[in-house]
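Notes follow once the structure below has been shown.
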Amino acid sequence: MEYRYRCIECGKTYSITPNLMLCPVCSQRKKNDEPLVGILEVQYVTQDKSFSYNDLCPVEKEFFPKIPVGDTPLWEPENLRKKINMPNLFIKDDSVNPTGSFKDRASYLVAAFAIKHNIYDITLASTGNAGSSMAGIGAAAGLNITLFLPKDAPPAKIVQALQYGARVIPVEGNYDAAYSLSLQYSKLDGSLNRNTAYNPMTIEGKKTVSFEIFKQLKKAPDYIFVPTGDGCILSGVYKGFKDLVRYGFTDKIPIIYCVQAEKSNAISNAFKTGKFQKIFSKTIADSISVDVPGSGYHALKQLKKYSGRCITVEDREILKSQKQLSETAGLFTEPAGAAAFAGFLKVKENLEKSASIVILCTGSGLKDTASAQKIIQYPGYAIKNIDELKEFEEKN
Ligand SMILES: *Cc1c(COP(=O)(O)O)cnc(C)c1O
């Protein structure tokens, strides 16, 4: 199996090297406050017909660190299915990845790629999960990680990254500010930049979720709900199914629902108007809070080409859905993951009852308990003996 990069805009192909991130020609056209132009996708070239889709990977097995990423469970939430009368609803639970989020899929491939090329320093910007993920996977691989992230990121994600031994640099400002600083830094110190969508290995790593869903269902589902910020997971989901189609494993690309927060809706907005406008994102779902989505153009193009759809959900709906999923399925997902479920609840009346539907739950609820606490009654009173139980019930 041979592999190379192919520019998604002009189609020119390049050999894969650690210094090449974007198409050198097309990326020149990018203006300020605009999504990336000239994203490179990995393309495989083979004469051999007898390979498995798992061979569609640009780094050989021996370079991957020994840490169990991916192969996450596809839940069949029986109680929830009955309650909402959707018998073929599935939840892909990526919170069981080693660092508790979907981001491990990208970090895993980036780590392997770095090791293959004898690179031991990795830099990135993150809203929280990509950083704690790269820190954890990097620790397993013996890599040095420098992480720029908004100083308001959920504390659990910062603690996680520090536990794993990363160098954590809080940034005054949002993810977009951290993104720009991380690029400046990696240019100065020569480390490998893992920024989402910018480093082609991020989309390529994330595509493995589609391979797994295909294997677990023994077919491509009808719908997949994807919580979306930068649009890199969405592009990864498409890349997986595009590979499956291109190399003859299926002929179906599922209908993808791009779910965004109402106030972090750059891609949904561009889907309607055809243009990316500068927004000032604000949502409780920190993992999908992005002003300028890195993979925006790429995501948009694919949504249009493969009949994808965009929906937005309010923070209130996200918190309600998070609670509903916790108490009907036993799955406590972080607000971004809950956003995908909220999006599904919003459109479920329009979906065929028999449709096979997959909700991507991308991160663990334990990563941001402060948000989850907003919709529950946290006990503010402790009892000393059993007689006080009645009083306790009254006070709570
Ligand atoms: C990063 C992230 C997302 C969004 O992925 P994008 O590639 O930015 O669209 C969704 N959920 C969780 C938990 C994440 O960490």
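Note that the coordinates shown come from a computational prediction; the quantities given were computed from them, not determined experimentally. When a ligand or atom number is given, it counts from 1 through the structure's own listing order.
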N/O donor-acceptor pairs under 3.5 Å from side chains in residues 148-164, not counting sequence neighbours:
from	atom 1	to	atom 2	distance (Å)
Lys151	NZ	Glu172	OE2	2.8
Lys157	NZ	Asp286	OD1	3.4
Lys157	NZ	Asp286	OD2	2.8
Lys157	NZ	Ser287	OG	3.0
Lys157	NZ	Glu334	OE2	3.3
Gln160	OE1	Ser132	OG	3.2
Gln160	OE1	Lys367	NZ	2.8
Gln160	NE2	Thr99	O	2.8

> Nearest heavy-atom pair of Tyr53 and Phe211: which atoms, and what distance?
Replying inline: O-CE2, 3.2 Å
> Any cation-pi pair here, Arg309 with Phe225, using under 6.0 Å and within 45°?
Replying inline: no
> Asp291 and Ser281: side-chain hydrogen bond (donor to acceptor under 3.5 Å, both in side chains), yes or no, with the steps?
Replying inline: CA-CA 5 Å; Asp291 294 358; Ser281 61; 2.7 Å; yes
Under 3.5 Å, which donor-acceptor pairs link side chains of residues 23-35 to any protein atom two or more places apart or in another chain?
from	atom 1	to	atom 2	distance (Å)
Ser27	OG	Cys23	O	2.7
Gln28	NE2	Pro24	O	3.2
Lys30	NZ	Glu34	O	2.9
Glu34	OE1	Lys31	N	3.0
Glu34	OE2	Tyr297	OH	2.8

>> Residue by residue, ordered by chain and number, which ones reach under 4.0 Å of ligand 1 with a heavy atom?
In response: Lys103, Asn129, Lys206, Pro227, Thr228, Gly229, Asp230, Gly231, Cys232, Ile233, Ser287, Ile288, Glu334, Ala336, Thr362, Gly363
Donor-acceptor contacts, no H, no angles, side chain residues 369-384, under 3.5 Å, sequence neighbours left out:
from	atom 1	to	atom 2	distance (Å)
Ser371	OG	Asp368	OD1	3.3
Ser371	OG	Asp368	OD2	2.7
Tyr381	OH	Glu391	OE2	3.2

